[in-house]
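Presented below is the structure to which this report refers.
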Protein chains: 2
Amino acid sequence: MSIKESLAAVPLFKGLSEQQYDELAMVVVDQEFARGRTIFSEGDDGVGFYVIISGQVKIYKLSPEGKEQILHVFGAGEPFAEAAVFAGSSYPAHAMALKNSRVFFIPRSAFRELIKDNPSLAMNMMASLSMRLKRFAHMIEDLSLKEVPGRLAAHLLYLGNEQGGASDEVELQIGKAHLASLLGTIPETLSRILTRMQKQGFIDSAGKSVQLLDRQGLEELATGERRLG
Amino acid sequence: MSIKESLAAVPLFKGLSEQQYDELAMVVVDQEFARGRTIFSEGDDGVGFYVIISGQVKIYKLSPEGKEQILHVFGAGEPFAEAAVFAGSSYPAHAMALKNSRVFFIPRSAFRELIKDNPSLAMNMMASLSMRLKRFAHMIEDLSLKEVPGRLAAHLLYLGNEQGGASDEVELQIGKAHLASLLGTIPETLSRILTRMQKQGFIDSAGKSVQLLDRQGLEELATGERRLG
DNA sequence: CGAATCCTTGAGTTCCCTCAAGAGAAGTGG
DNA sequence: CCACTTCTCTTGAGGGAACTCAAGGATTCG
């Protein structure tokens, strides 16, 4: 796929003119990262941001003891590290490819030029940043005010909505260890809680596929109205 | 103070032309909130955002059981709830005045008009949103990867930097109960940890004033290299 | 089929929350 | 200015959720 075609598939760039797509295509750097490769590390000089063309990328923090907290998992079409373009000069977290991924790197200065002359791009960017803020606020709320079963229930319901609520089957796009890290816990604890949820009939879990058997019950777990026995 | 003068003191609006200040001054709604009054609640229709002219405002989430998690405490010159202008339609958290406060409400549509024709305002806004994202990312990291002593140490050092690092004395701008809520804990736990830090010579705490006696040691507590005995 | 990775299960410990009550500070009114 | 209420903070005892450490089972991949 050409660079221009790939750019057209990125929601953030919706509304650019032909000429602007060309300008953008001139400055982006087409990059490939194999599964497990680091894209950047916390503290690296943040000279631009990325959009994912294909694959999957995790943004995460590490504690000195090596525990990991995933901030976000991004897929095709999504930008990441945009904040580095507008604030501060270094990346505030690590980024690693979870699958073999193709990404475009967009240098800060070129993008700042482009956005100056394009209000709709600016609006898209502000909408994107705002959405991230909202998700982070939600994450803080979950970490501080909910226990792990509540966080897991909330996440399962979130996936249920994302993936077209028709069926009761949701697909965890990531492994259990990663899911644990995203929920602010560890694999052992996640495993135990999945088992308990299954025994109590809330879900039916098999590999990366989970059946939501009792959405109502999960909702109550998520809000803290009910507790896992 | 006139509306225009007050607006000029807001960093977000730096770079506006005379005429744009006038436009803005025409649409803002000047409001006063007494200490303890709610400015908006989670889920309320988010038809605009606010800037604080004077006073102090907390943005917070509540659990069903009534536990509170403060997301941010804002002071004079700072905007809040900007995200509501660009994403979603309802406020994702609660806002309450911690002191008697004067705020300007800025309706969404008027602001979107203004920002469309003013790239520098858009840049300011994106910088502001990016900074918030960074702070939230930090908060998630702290909640998930640090224990309460580490979070407290990190916060004290943060205040130390904010308040001109010359003296070792920092001023907690908020009460202990609020600080606990900001750190994702409860007043009892915070109190115990302050006592322990004091006994071990890291700090000297008296009311809202705290002496940082051992910045190096606090740093080590914050990173998790050292533990509170 | 074997190796490596990922996931699960068990036992023990720790941090922090809950519940309860007392001490201190701050604001009000006589 | 002092008693009073009220709010805020501190201290204690007990319990629970989740983490650490350790090892066994399941999946995946070459």
Side-chain angles (χ1 to χ4, degrees), chain A residues 34-36 58 63-70 96 98-100 142-153 172-199 203-210 221 224 226-229, chain B residues 34-36 58 63-70 96 98-100 142-153 172-199 203-210 221 224 226-229:
Chain A
R35 176 169 187 270
K58 71 173 172 185
S63 77
E65 303 88 44
K67 196 188 164 192
E68 169 190 286
Q69 171 66 45
I70 294 182
M96 179 184 286
L98 289 185
K99 301 178 180 167
N100 295 335
D142 286 356
L143 283 172
S144 170
L145 303 177
K146 293 186 172 111
E147 301 178 345
V148 180
R151 285 178 233 160
L152 175 56
L172 313 173
Q173 311 280 5
I174 51 182
K176 303 262 171 79
H178 277 129
L179 179 56
S181 169
L182 186 62
L183 296 178
T185 185
I186 55 175
E188 291 96 317
T189 299
L190 176 62
S191 181
R192 287 183 238 273
I193 289 169
L194 278 170
T195 304
R196 280 203 283 160
M197 280 189 176
Q198 179 141 357
K199 277 186 183 153
I203 60 172
D204 189 8
S205 163
K208 284 185 182 170
S209 167
V210 177
L221 286 176
R226 201 202 295 203
R227 301 175 69 98
L228 218 45
Chain B
R35 175 171 188 272
K58 72 173 172 185
S63 77
E65 302 88 43
K67 195 186 165 194
E68 170 190 284
Q69 170 67 44
I70 294 181
M96 180 184 286
L98 289 184
K99 301 178 180 166
N100 295 335
D142 286 355
L143 283 171
S144 170
L145 302 178
K146 293 186 173 119
E147 300 178 347
V148 179
R151 285 179 232 160
L152 176 55
L172 313 173
Q173 310 281 4
I174 51 181
K176 303 262 171 76
H178 276 129
L179 178 56
S181 169
L182 186 62
L183 296 178
T185 185
I186 56 175
E188 291 96 317
T189 298
L190 177 63
S191 181
R192 286 183 241 272
I193 289 169
L194 278 169
T195 304
R196 281 202 283 160
M197 280 189 176
Q198 179 141 357
K199 278 185 182 152
I203 60 170
D204 189 8
S205 163
K208 285 186 181 170
S209 167
V210 178
L221 285 177
R226 201 201 294 203
R227 302 175 69 97
L228 217 46

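Residue numbers start from 1 in every chain, and the chains themselves are labelled A, B, ... in the order their sequence lines are given, proteins ahead of strands.
- Sequence neighbours left out, the pairs with a member in residues 172-191 of chain A that pass side-chain hydrogen bond (donor to acceptor under 3.5 Å, both in side chains) are A:K58-A:H178, A:E68-A:S181.
- Distance CD (A:E68) to C1' (C:dC6): 14 Å, rounded to an integer number of Å.
- Distances shown here put a side-chain N or O of A:R227 below 4.0 Å from the OP1 or OP2 atom of D:dA17.
- Rounded to whole Å, the distance from NZ on A:K146 to P on D:dA18 is 14 Å.
- Within residues 184-196 of chain A, the residues having any heavy atom closer than 4.0 Å to DNA chain D are, in order of number, A:G184, A:T185, A:I186, A:E188, A:T189, A:R192.
- Look at CG on A:L183: it is 18 Å from P on D:dA17, rounded to the nearest Å.
- One atom, CG of A:D142, and another, P of D:dA18, lie 13 Å apart when rounded to the nearest Å.
- For the pair A:K208 NZ and C:dT5 C1', the interatomic distance rounds to 12 Å; values are reported in whole Å.
- One atom, CD of B:E147, and another, C1' of D:dT20, lie 12 Å apart when rounded to the nearest Å.
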Counting primed atoms, P, OP1 and OP2 as sugar-phosphate and everything else as base, the B/S/- map of nucleotides 24-30 of chain D against protein heavy atoms under 4.0 Å is -------
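- Consecutive Watson-Crick or G-U pairing (both distances under 3.5 Å) extending over three or more pairs maps onto DNA chain D as C:1-5 with D:26-30, C:8-30 with D:1-23.
- Nearest heavy-atom pair across B:L190 and B:A180 is CD2-N, 3.7 Å.
- Counting non-hydrogen atoms of other residues, nucleotides and ligands closer than 6.0 Å to CZ of B:R196 gives a total above 12.
- Counting to the nearest Å, the C1' atom of D:dA17 and the CG atom of A:L145 are 16 Å from each other.
- Not counting sequence neighbours, the partners of A:S63 by the side-chain contact (heavy atoms from CB on, under 4.5 Å) test are A:E65, A:K67, B:L145.
- Remark: P of C:dC17 and CG of A:L143 are 13 Å apart, rounded to the nearest angstrom.
- Scanning residues 174-182 of chain A for heavy-atom distances under 4.0 Å to DNA chain C yields A:G175, A:K176, A:A177.
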